[in-house]
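Down below is the structure, laid out as structure tokens.
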2 protein chains.
Amino acid sequence: MMARTDRLFRLLQAMRVLPAPVTAARLAEETGVSLRSLYRDIDSLRAAGARIEGERGYGYRLTEDHALPPQTFDRMEIEALALGLAEVRHMGDPALAEAAASVLAKVAATLPDASEQHLFHAVSHVYRPEARYPSGLDMSTLRNGCWRETAVSLRYADGEGTVTERTILPLAIVYADRRLVVLAWCCLREAFRMFRTDRILEARAEATSFRPRRASLLRSYLTELRARA
Amino acid sequence: MMARTDRLFRLLQAMRVLPAPVTAARLAEETGVSLRSLYRDIDSLRAAGARIEGERGYGYRLTEDHALPPQTFDRMEIEALALGLAEVRHMGDPALAEAAASVLAKVAATLPDASEQHLFHAVSHVYRPEARYPSGLDMSTLRNGCWRETAVSLRYADGEGTVTERTILPLAIVYADRRLVVLAWCCLREAFRMFRTDRILEARAEATSFRPRRASLLRSYLTELRARA
DNA sequence: CCCCTCCTGACAGTTTCCGGCAGTTGAATG
DNA sequence: CATTCAACTGCCGGAAACTGTCAGGAGGGG
């Protein structure tokens, strides 16, 4: 049972150990499988996130190990994690809060002592004042925009309550002044702007993509912000 | 493809996140699989080295999972980490902020793309309003008290500004209502109390140890807090 | 042109997986 | 003592996934 999964791990291990360019034939022999299946296995690993470079007439090379070294954190770092994640659990939208809980659980699993584990987990549950996140809004629209580098159109109420309709290129979602805000390029004003998530009345995904400009746009915005301060 | 393996990981994660005794039915629903299959999956995990305690008429409990391959963070989880840690960098005392930065660097190192790494790191630097942490106070005294389970004596100003001198048994440092507070047993009042760090005028380490009562004390305090809400 | 090697598609045989059902067991509860 | 709960087990048949074999492509080096 689980023969296949086990074999994939062995394959990965073989690629780590064997000297750099390894032929598929060699790996097939190593894992005891036909050539055809080996190609399928390589596919599976790539699909699972491993970066495997394959060149014709040359062989395979493992560029990047996604099974990273077991993350170990010292006590102070654990403390920082617990605090930060507890905060996100309260503040964030449901999806974000769940992710924070999930990280917490993963990190707790690496803790040596069982009682420490439990406390670590417990502390993050202590304080739960009313959720501060703008409940009506579906953050996933914004988050998808950031990740997929697609525009989003908003109905947004500014400080005076004036409502405007605009299209933005969302760059990142961050805390600022204790609130969740979206850093974005505003197509209406043709400038970088921050949008408080609690003032966004509605968000709709648009089809237009701005890939691959997100990284450079965000960089410019950050330098602009830094210059202003 | 690989659906099964993926499901097993999800099952494990579910057991870590959900509160302790979980019924098979619940886990089956969580992983979207029939009850029969769930029992098979539990078997697989046990065979793979996870220690899962199952009691009839009660539920499952995960006692240990060290034998299993290390878990990586997905995109959403990375996002949660970045947000939480950025917050701690601003809020925390220097030692804590440094720890947060250090975790950030460790996690960033595992990110696949170089530009993603850079952005991830950059975002956490964006916003730096004035540090909100009570600058005069040396948090390490309190933190050491928590870790080494030794008493600490405080000069503390309450809500009306009345200053009192008291000895506490510090249990944990957490956020509450957006401020850093110390959860502790107050020897003066003989009760559990929360102390806002920004109202602590002075903290001195005492020699008296309360080891190993910290875990149980904190547990009682937490249940008391939860009962009150 | 030939050889190396990665890579893809199709097909058939085999294996594994999955849900459902029926039933057992241990413990707590009433 | 009966009942409920919920972990477990065995077995079946259909569905799905995996595997090896065969038959090609495709890019680069000699």
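Letters A, B, ... mirror the listed sequences (proteins, then strands); counts begin at 1. This is a predicted model, so every value here is computed, not measured.
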Quick one: is B:S37 getting a side-chain N or O under 4.0 Å of the C:dG19 phosphate, OP1 or OP2? yes
Calculate the interatomic distance between A:R36 atom CZ and C:dG13 atom P; express it in whole Å. 19 Å
Can you confirm whether the side chains of A:E206 and A:S153 place a donor and an acceptor under 3.5 Å from each other? yes
Check the distance between C:dC17's C1' and B:L11's CG and give it to me in whole angstrom. 16 Å
Would you mind checking if B:E30 and B:R26 are paired as a salt bridge, meaning a charged N to carboxylate O distance below 4.0 Å? yes
Proximity to the side chain of A:S34 - top-ranked nucleotide from D:dC8, C:dC7, D:dT21: D:dT21
Quick one: A:I52 CD1 to C:dC7 C1', roughly how many Å, whole number? 14 Å
Donor + acceptor pair across side chains of A:R4, B:T5 (<3.5 Å): no
Integer-rounded Å distance: D:dA6 P and B:I42 CD1: 15 Å
With a 4.0 Å limit, can you tell me whether A:R56 has a side-chain N or O closer than that to the phosphate oxygens OP1/OP2 of D:dG28? no
Indicate whether the side chain of A:S209 and that of A:E149 have a donor and an acceptor atom separated by less than 3.5 Å. no
Checking B:R16 side chain against A:K106 main chain: does a donor-acceptor pair fall under 3.5 Å? no
Assign A:R61 to base, sugar-phosphate, or nothing according to its heavy-atom contacts below 4.0 angstrom with the strands shown. nothing
What is the distance, to the nearest angstrom, from the CG atom on A:D41 to the P atom on D:dT19? 6 Å
Between A:G32 and B:G54, which has a closest nucleotide on DNA chain D that is more 5'? B:G54
Taking only side-chain nitrogens and oxygens of A:R7, does any of them come within less than 4.0 Å of OP1 or OP2 of D:dT19? yes
Could you identify which residues of residues 24-31 of chain A place a heavy atom less than 4.0 Å from some atom of DNA chain C, listed by residue number, or say none? A:A24
On the nucleotide C:dC17, are OP1 or OP2 found under 4.0 Å from the side-chain N or O atoms that B:R4 carries? yes
Side chain of B:Y39 - closest among D:dG20, C:dG20, D:dT9: D:dT9
Checking side chain to side chain contact (heavy atoms under 4.5 Å, CB included) for the pair B:L154/B:V152: CA distance, chi angles, key distance, verdict? CA-CA 7 Å; B:L154 302 183; B:V152 172; 3.9 Å; yes
Think A:Y60 has a side-chain N or O under 4.0 angstrom from the OP1 or OP2 of C:dC7? yes
Can you tell if the side chain of B:L27 reaches within under 4.5 Å of the side chain of B:M15, non-hydrogen atoms only? yes
Tell me the interatomic distance from B:E55, atom CD, to D:dT4, atom C1', rounded to whole angstroms. 16 Å
If I take atom CZ in residue A:R40 and atom P in nucleotide C:dA10, what distance separates them, rounded to the nearest angstrom? 12 Å
Answer yes or no: is there a donor N or O on one side and an acceptor on the other, between the side chain of A:R214 and the main chain of A:L171, under 3.5 Å? yes
Roughly how many Å is it from CG in B:D43 to C1' in C:dT16, rounded to a whole number? 16 Å
Determine to 10° how strongly the helix from C:dC1-D:dG30 to C:dG30-D:dC1 is bent, judged from the axes of its five-pair ends. 30°
First encountered from the 5' end of DNA chain D, between A:G57 and A:L35: A:L35
Would you say B:E53 and B:T63 are linked by a side-chain donor-acceptor pair, where the criterion is simply a distance under 3.5 Å? no
Scan A:Y58 against the nucleic acid and name what it touches under 4.0 Å (heavy atoms): base, sugar-phosphate only, or nothing. sugar-phosphate
Indicate yes or no: at least one non-hydrogen side-chain atom of B:L142 is less than 4.5 angstrom from one of B:F195. no
